[in-house]
Amino acid sequence: MRVVRLLRLRAALTLLGEVPRRPASRGVPGSRRTQKGSGARWEKEKHENGVKWRQLEHKGPYFAPPYEPLPDGVRFFYDGKPVRLSVAAEEVATFYGRMLDHEYTTKEVFRKNFFNDWRKEMAVEEREVIKSLDKCDFTEIHRYFVDKAAARKVLSREEKQKLKEEAEKLQQEFGYCILDGHQEKIGNFKIEPPGLFRGRGNHPKMGMLKRRIMPEDVVINCSRDSKIPEPPAGHQWKEVRSDNTVTWLAAWTESVQNSIKYIMLNPCSKLKGETAWQKFETARRLRGFVDEIRSQYRADWKSREMKTRQRAVALYFIDKLALRAGNEKEDGEAADTVGCCSLRVEHVQLHPEADGCQHVVEFDFLGKDCIRYYNRVPVEKPVYKNLQLFMENKDPRDDLFDRLTTISLNKHLQELMDGLTAKVFRTYNASITLQEQLRALTRAEDSIAAKILSYNRANRVVAILCNHQRATPSMFEKSMQNLQTKIQAKKEQVAEARAELRRARAEHKAQGDGKSRSVLEKKRRLLEKLQEQLAQLSVQATDKEENKQVALGTSKLNYLDPRISIAWCRRFRVPVEKIYSKTQRERFAWALAMAGEDFEF
């Protein structure tokens with residue numbers, strides 16, 4: 001086993017850019033000895049002074065094609081009369097027309113924001129005519145795009161092949177860069193086309209116009225000695241810089257939330273693999289500090305300083321509930337989303353007793369991406385008493401932790417452990433929870449399908465901890481009906497196969513010859529096969545029902561150390577492709593090379 005581990009580690013370091021001169025030291029997972037043996041040397045070599053690369057050359061981003069006006073036969077109506085729109089107004093109208101059958105266009109906030117932004121794109125004479133969205137008729141525009149989508153589905157093989165070749169040509173031209181002498185794949189080289197902002201949850205900016213990004217909006221990042229990408233004809237870049245302390249290739253500010261968007265390397269690139277490995281190693285290192293940190297914040301619950309008490313209670317919530325710290329933002333900058341540090345009194349209710357438990361805290365607030373966080377959780381008595389103190393003589397809109405900021409909390413976390421942040425706590429608790437759940441739920445004698453169900457259940461516990469929710473898919477009911485139909489049909493096949501087996505057994509008992517024995521074995525194997533298929537379908541239905549409102553992918557790709565899942569697969573003989581897709585396996589190539597079946601987070 002030791003030889004296998006060393007070979008895997010050597011392969012991983014080769015993948016990430018360094019072959020060790022001697023085998024890494026063995027040690028307790030997460031210990032300092034293990035950290036030095038597994039990667040500290042090439043971390044120093046690769047990231048000295050914050051340098052990420054020495055050479056970076058690329059072609060820049062690919063911009064969305066210009067707008068093509070609608071054919072003359074496709075009309076927009078206002079108050080029952082056709083209205084000829086200017087090109088700018090027509091383009092924005094098509095964004096709404098495409099979505100006419102979507103739930104978003106029934107939401108008042110979406111409609112109001114769209115109409116406000118649309119009127120800004122109209123000519124003066126258009127604004128004088130179009131004054132109410134209720135009188136607008138986008139039916140022909142919607143039908144036009146539905147027909148276009150249907151036409152794409154029935155393209156000939158030759159036409160599909162031509163489109164595929166065009167996409168591959170774009171990929172070859174814009175989809176790769178040269179990083180330190182090696183060709184690396186770029187994540188998404190296409191700048192998002194203009195459209196309507198949707199957001200998640202009940203975002204207050206849904207429906208607002210995402211404006212077209214032009215070269216004049218884009219900052220290019222490349223090495224000084226490289227060939228600078230050529231902007232589209234007649235345009236120029238906003239700026240060209242050479243910042244080798246960052247890994248993005250191009251950046252711009254989007255118009256709705258004023259957030260910066262980036263073109264980055266593909267997750268399967270060497271540099272991204274290094275970054276991911278370091279992220280999970282930092283979370284893994286927390287295991288050696290977490291007991292001391294927990295003892296300290298418990299002691300701080302009794303501190304004479306209100307600031308220290310608030311910080312200790314906030315850290316307890318970040319640790320136990322995986323709450324985000326909550327980034328500070330200017331008033332009116334975005335939706336009324338909060339994190340732990342920015343909770344207000346109105347977001348928390350205290351219950352001396354509820355659900356059969358004492359000292360229950362009820363949380364109800366909008367978290368990241370306007371996803372509601374609702375939880376009723378029993379807490380330790382000192383935490384409950386402190387919350388009563390923090391809420392005393394405060395209005396509902398007052399800050400719960402009025403002596404605490406995200407900056408001061410992060411500074412304290414850095415003092416507790418180098419590199420420690422609220423997100424590291426979140427990653428640590430997510431990963432350790434997955435590992436513990438897999439131990440509790442997985443049985444070696446189970447079928448592959450049952451083991452995958454156990455894995456998804458373990459993943460769901462993490463997703464719930466991290467509040468990774470989703471709306472029930474629009475096609476869920478139909479999909480479940482189809483699955484139940486398959487299950488019923490399979491049950492009938494099993495019943496028929498069981499009856500045939502009984503008849504074959506009776507015939508063999510009566511005849512006792514080789515032919516009847518052969519028929520009996522054939523019927524037995526058929527029944528076993530059908531029973532296995534029925535079990536798989538039943539497990540699939542259970543899995544689908546349990547996960548209809550939980551987003552498993554977010555935690556699996558961002559918060560769970562992939563080595564835990566890979567080790568589990570190898571320990572219980574589950575094919576890794578049952579857990580990770582081809583793209584995900586490429587993303588976690590470093591983990592596939594490193595993790596043996598005995599890996600411990």
Side-chain angles (χ1 to χ4, degrees), residues 153-154 157 434 436-464 470-553 556 565-585 597:
K153 292 180 181 179
V154 295
R157 182 180 299 178
L434 177 73
E436 291 169 353
Q437 288 293 314
L438 287 176
R439 282 177 183 159
L441 296 173
T442 312
R443 297 188 306 177
E445 65 271 19
D446 281 348
S447 66
I448 297 293
K451 288 174 182 174
I452 292 171
L453 178 62
S454 296
Y455 179 88
N456 285 341
R457 283 175 169 165
N459 192 356
R460 187 170 65 257
V461 171
V462 176
I464 292 171
R470 66 171 182 175
T472 302
S474 57
M475 298 297 290
F476 176 79
E477 293 299 334
K478 184 176 180 180
S479 176
M480 281 297 289
Q481 286 175 5
N482 292 339
L483 190 54
Q484 291 299 335
T485 300
K486 290 180 181 179
I487 289 173
Q488 186 57 42
K490 192 63 66 176
K491 284 180 178 178
E492 293 172 1
Q493 291 176 8
V494 168
E496 185 179 342
R498 191 174 282 121
E500 289 182 0
L501 179 61
R502 284 196 296 268
R503 287 194 292 269
R505 190 178 286 121
E507 289 178 8
H508 177 62
K509 187 175 181 180
Q511 299 176 8
D513 57 2
K515 182 178 179 180
S516 62
R517 177 181 292 277
S518 176
V519 171
L520 177 62
E521 288 302 316
K522 183 178 179 181
K523 297 297 183 182
R524 182 180 288 117
R525 286 195 299 271
L526 176 62
L527 178 60
E528 289 173 353
K529 181 180 178 181
L530 290 172
Q531 286 175 328
E532 183 179 341
Q533 291 173 346
L534 176 60
Q536 288 178 347
L537 286 171
S538 298
V539 167
Q540 186 180 344
T542 302
D543 198 25
K544 187 182 284 287
E545 176 64 36
E546 290 179 354
N547 295 317
K548 64 182 180 182
Q549 291 183 311
V550 180
L552 299 183
K556 186 164 77 171
S565 301
I566 293 164
W568 176 83
C569 286
R570 288 171 172 160
R571 190 178 306 127
F572 290 101
R573 306 297 181 262
V574 176
V576 176
E577 54 268 26
K578 297 287 187 180
I579 302 300
Y580 291 121
S581 66
K582 181 177 182 294
T583 302
Q584 291 166 354
R585 294 197 300 275
E597 65 179 46

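Numbers here simply count residues along the sequence, with the first being 1. When reading the values below, keep in mind they use all heavy atoms of this one structure, side chains included, and skip hydrogens, waters and symmetry mates.
Atom CZ of Arg571 sits about 12.0 Å away from atom CD1 of Ile566, to the nearest 0.5 Å. Glu577 CD to Cys569 SG: the interatomic distance, rounded to the nearest 0.5 Å, is 8.5 Å. Rounded to the nearest 0.5 angstrom, Met480 CE and Thr485 OG1 are separated by 10.5 Å. For the atom pair CD of Gln493 and CD of Gln533, the computed distance is 7.5 Å after rounding to the nearest 0.5 Å. Taking CD of Gln488 as the start and CG of Leu534 as the end, the distance is 9.5 Å to the nearest 0.5 Å. For the atom pair Leu453 CG and Thr442 OG1, the distance stands at 10.0 Å (nearest 0.5 Å).
A 4.5 Å side-chain heavy-atom check between Ile448 and Ile452 finds at least one atom pair inside the cut-off. Considering only heavy atoms from C-beta on, Trp568 comes within 4.5 Å of Ile579 through its side chain. Put simply, the side chain of Gln536 reaches to within 4.5 Å of the side chain of Glu532, judged on heavy atoms. Using a 4.5 Å heavy-atom threshold, the side chains of Arg457 and Thr542 count as touching. Proximity of Arg460 to Gln437: side-chain heavy atoms (C-beta onward) are nowhere separated by under 4.5 Å. Contact of the Asp446 side chain with the Phe572 side chain is not registered, since no non-hydrogen atoms from C-beta on lie closer than 4.5 Å.
Of the possible polar contacts, none joining the Lys490 side chain to the Leu537 backbone as a donor-acceptor pair under 3.5 Å is found.
Contact between Lys556 and Tyr455 at its shortest, heavy atoms only, is CD-OH, 3.7 Å. Here the closest non-hydrogen pair linking Leu483 and Ala541 is CD2-CA, 3.4 Å. Residues Ala458 and Leu441 approach most closely at N-CD1, 3.8 Å, considering heavy atoms.
In this view, Arg439 and Glu600 satisfy the salt bridge (charged side-chain N to carboxylate O under 4.0 Å, His left out) rule, not counting sequence neighbours.
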Identify each donor-acceptor pair in which a side-chain atom of residues 515-524 lies under 3.5 Å from a protein atom, sequence neighbours left out, and give them as a table.
from   : atom 1 : to     : atom 2 : distance (Å)
Ser516 : OG     : His508 : ND1    : 2.9
Ser516 : OG     : Asp513 : N      : 3.4
Ser516 : OG     : Asp513 : O      : 2.9
Ser516 : OG     : Asp513 : OD1    : 2.6
Glu521 : OE1    : Arg524 : NH1    : 3.4
Glu521 : OE2    : Arg524 : NH1    : 2.5
Lys523 : NZ     : Glu500 : OE1    : 3.0

(message) Using side-chain contact (heavy atoms from CB on, under 4.5 Å), reason through Leu434 and Ser565 one step at a time and then give a plain yes or no.
(response) CA-CA 9 Å; Leu434 177 73; Ser565 301; 3.9 Å; yes
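Considering Arg498, Arg505, Arg503 in turn, Arg505 is the only one that fulfils the side-chain contact (heavy atoms from CB on, under 4.5 Å) rule with Leu501.
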